[in-house]
Number of protein chains: 2
Amino acid sequence: MYSSTMRRAITIDPTPGRTAAHCQECGARHIGICDALSDEDLGFLSRAAQRVTVAAGRTFVEEAEPAGYFYNINAGTVRVFKTLPDGRRHITGFLGVGQFLGLDFGGNYAFSAAAMGDVALCRFHRPRLLEVFAEFPALERRLLNIASHELTAAHEQMLLLGRKTARERLASFIIGWAARAQSCQSATMLVPNARLTLPMSRVDLADYLGLTIETVSRSLNLFKKQGLLRLASVSELVLLQPQLLAEIAAGIA
Amino acid sequence: MYSSTMRRAITIDPTPGRTAAHCQECGARHIGICDALSDEDLGFLSRAAQRVTVAAGRTFVEEAEPAGYFYNINAGTVRVFKTLPDGRRHITGFLGVGQFLGLDFGGNYAFSAAAMGDVALCRFHRPRLLEVFAEFPALERRLLNIASHELTAAHEQMLLLGRKTARERLASFIIGWAARAQSCQSATMLVPNARLTLPMSRVDLADYLGLTIETVSRSLNLFKKQGLLRLASVSELVLLQPQLLAEIAAGIA
DNA sequence: CGGGACTTTGAGCTTTCTCAACGATGGTGG
DNA sequence: CCACCATCGTTGAGAAAGCTCAAAGTCCCG
């Protein structure tokens, strides 16, 4: 089922020498925490990092295991999730390039993380990262800023999970994902008829929205029937009425 | 309905002189962010603060309004919540002494906040707070630590809202609240037969757990019938079987 | 002692879940 | 290149958890 390379969960880049070049080519250079540093300062951060790649599908962080590393995503998408003993799963987020995980410096990870496609990351040993923080307060400030925003996003997701209907949840997700894809701040700026790729399966979607795959499928096809969107393929959709979708997401329509 | 003092949402302490004394008497002195500073350094932070009191029931932060202040709670309990246009409400947290709100330095508040009883707070103008950060990096570090933990807690709450049953949600809340009251780390250390006060109404509980008041009431009385707890009064309960409750909360039983 | 707000309990209903079958899609080997 | 198979998604029918609406009970506070 797995090839020999897929068996290896994590591959560590063996060339720590060309670090500066790495960062210049990196897709995350001007996003997230790296963006807080100048090219020269980034060299210091870079030397504290191990560059690792994770094969598609592999879980590289296991909930409840000792939290040894802080990760920053260089390429690919990561699924972060928690599970209950009987197997029920909840996905807390889909992280993309420039986003990080493992911020909580508690003793053990409070979540699991898996690569959705092939993923490249910078990995930092915690004590090493603290050294870098001491050297560059700007990093810590940036981290606090991002964490604050994530906290706000988490509260928004709680509202979704606690009080929104299935259709509202799906509409919220679609609008949010589209905004992220078009990197626009507000849902009102969304371009209609733009093609939107959903890299996650219906199972993932359901586990993210607190629903079942059947309800996700039904809601999605209801939107289709109502002419709000078109399903170009099973994982690609075209927003015909982003405005209306946004209203459903907000609980207005 | 309201007395003249209740009408005033926020009362500002007019004596900014005795700041050092204030902090020594403050219940939050050795919790949260204040605990990160020495007595002398705290004087600096204290001089940046306005001490305010909020009458029971008053909403002192309104969602979507310009985010001018950062608050730290000195006494009382604060309900933090978000609402949908049609009135549906979700409570994201009950904050107590030493906890803060208003961390997200975005343009507008993403939540509302109301005093559950009479509340005393330290209020910081944002630009002023940033000055303090520049002076005391330890503060910022502490803030990052706390924010990280809150993020972890938020993810746990998402699991609750997305995947737990009504009984599991209520059990989770009770166990968590008891642990907070007894200030113990793990639910396994909970003292049985301890009296636990719930300062919030069933409506609050429902809006926190993503349920209705009826379901909260039914679940609670089911626990009572099963001998897991006793209702000393409507807002005070005695945990007879904290172990079992913890198992229900974890999704095992 | 009375009134208002909150809580509990009951009965019926709705949304979503569960279980099951069918259909589409994409990769693989003949 | 096509047929096959595994996986994933869709659709349908029935069940159930939790919601809604309604009424009765309780508690606090004046």
Side-chain angles (χ1 to χ4, degrees), chain A residues 1-3 6 56-57 79 84 86-90 116-117 160-171 173-174 197-226 229-237 248 251, chain B residues 1-3 6 56-57 79 84 86-90 116-117 160-173 197-226 229-237 248 251:
Chain A
M1 181 155 185
Y2 290 116
S3 72
M6 285 186 72
R79 176 202 303 132
L84 290 169
D86 64 0
R88 277 174 286 174
R89 187 181 72 154
H90 185 76
M116 296 180 68
L160 179 151
L161 294 168
R163 288 293 178 233
K164 288 189 182 178
T165 66
R167 282 183 328 127
E168 288 166 354
R169 293 182 199 198
L170 190 62
F173 171 78
I174 293 173
T197 302
L198 306 179
M200 69 290 288
S201 68
R202 298 291 188 266
V203 179
D204 284 348
L205 228 32
D207 284 348
Y208 180 64
L209 298 174
L211 301 169
T212 59
I213 51 172
E214 293 92 338
T215 300
V216 168
S217 181
R218 275 186 255 269
S219 302
L220 200 53
N221 285 288
L222 186 64
F223 287 154
K224 191 178 77 178
K225 282 194 193 86
Q226 294 177 331
L229 49 77
R230 213 160 52 73
L231 283 163
S233 82
V234 77
S235 65
E236 275 196 314
L237 39 86
I248 294 174
Chain B
M1 180 156 186
Y2 290 116
S3 72
M6 283 186 74
R79 178 204 301 131
L84 290 170
D86 63 0
R88 278 175 286 173
R89 186 181 71 153
H90 184 76
M116 296 180 66
L160 179 150
L161 294 168
R163 286 294 177 234
K164 289 188 182 177
T165 66
R167 283 183 328 126
E168 288 166 354
R169 292 181 200 200
L170 190 62
S172 298
F173 171 78
T197 303
L198 306 179
M200 67 290 288
S201 69
R202 298 290 188 268
V203 179
D204 284 348
L205 228 33
D207 284 348
Y208 180 64
L209 298 174
L211 302 169
T212 60
I213 51 172
E214 293 93 336
T215 300
V216 169
S217 182
R218 276 186 252 270
S219 302
L220 200 54
N221 285 288
L222 186 64
F223 287 155
K224 191 178 79 177
K225 281 194 194 85
Q226 295 179 329
L229 50 76
R230 212 160 54 74
L231 284 164
S233 81
V234 76
S235 67
E236 276 195 312
L237 39 85
I248 294 173

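Chain A is the first sequence line, chain B the second, and so forth, proteins listed ahead of strands; every chain is numbered from 1.
Comparing atom distances between the A/Leu211 side chain and each of D/dT10, D/dG18, C/dC17 picks out C/dC17 as nearest. Proximity note for B/Asn221 (side chain, C-beta onward) versus C/dT8, C/dT7, C/dA20: the nearest is C/dT8. The side chain of B/Thr212 sits closest to D/dT20 out of C/dT7, D/dT20, C/dA20. The side chain of A/Ser217 sits closest to D/dT11 out of C/dC17, C/dT7, D/dT11.
In this structure, A/Arg163 CZ and B/Asp86 CG are separated by 11.0 Å, a value rounded to the nearest 0.5 Å. With rounding to the nearest 0.5 Å, the separation of OH in B/Tyr208 from CG in B/Leu170 is 12.0 Å. To the nearest 0.5 Å, atom CZ of residue B/Arg169 and atom NZ of residue B/Lys164 are 9.5 Å apart. Annotation: the span from B/Ile213 atom CD1 to B/Asp204 atom CG amounts to 11.0 Å, rounded to 0.5 Å. If you take CG on A/Leu160 and CG on B/Leu161, they are separated by 10.0 Å, rounding to the nearest 0.5 Å.
One interatomic measurement links the two molecules: CG of A/Leu222 to P of D/dT10, which rounds to 13 Å at whole-angstrom precision. In this structure, the CD atom of B/Glu214 is 14 Å from the P atom of D/dA23, given to the nearest Å. Remark: P of C/dA5 and CG of B/Asp204 are 16 Å apart, rounded to the nearest angstrom. Rounded to whole angstrom, the span from the CD1 atom of A/Ile213 across to the C1' atom of D/dT10 amounts to 9 Å. Whole-Å rounding puts the B/Leu205 CG to C/dT8 C1' distance at 15 Å. Between the NZ atom of A/Lys224 and the P atom of D/dT11 there is a distance of 6 Å, given to the nearest Å. A/Asp86 has its CG atom 11 Å from the P atom of C/dT18, to the nearest Å. Between the P atom of D/dG18 and the NZ atom of B/Lys164 lies a distance of 14 Å, rounded to the nearest Å.
Comparing A/Arg167 and A/Ser233 along DNA chain C, the residue whose closest nucleotide (by nearest heavy atom) sits nearer the 5' end is A/Arg167.
The side chain of A/Thr215 places an N or O atom within less than 4.0 Å of a non-bridging phosphate oxygen (OP1 or OP2) of C/dC17.
Backbone-only engagement by B/Thr165 is indicated by non-hydrogen atom pairs under 4.0 Å involving sugar-phosphate atoms exclusively.
Checked by distance alone, A/Arg218 brings no side-chain donor or acceptor within 3.5 Å of a matching partner on the base of D/dG9.
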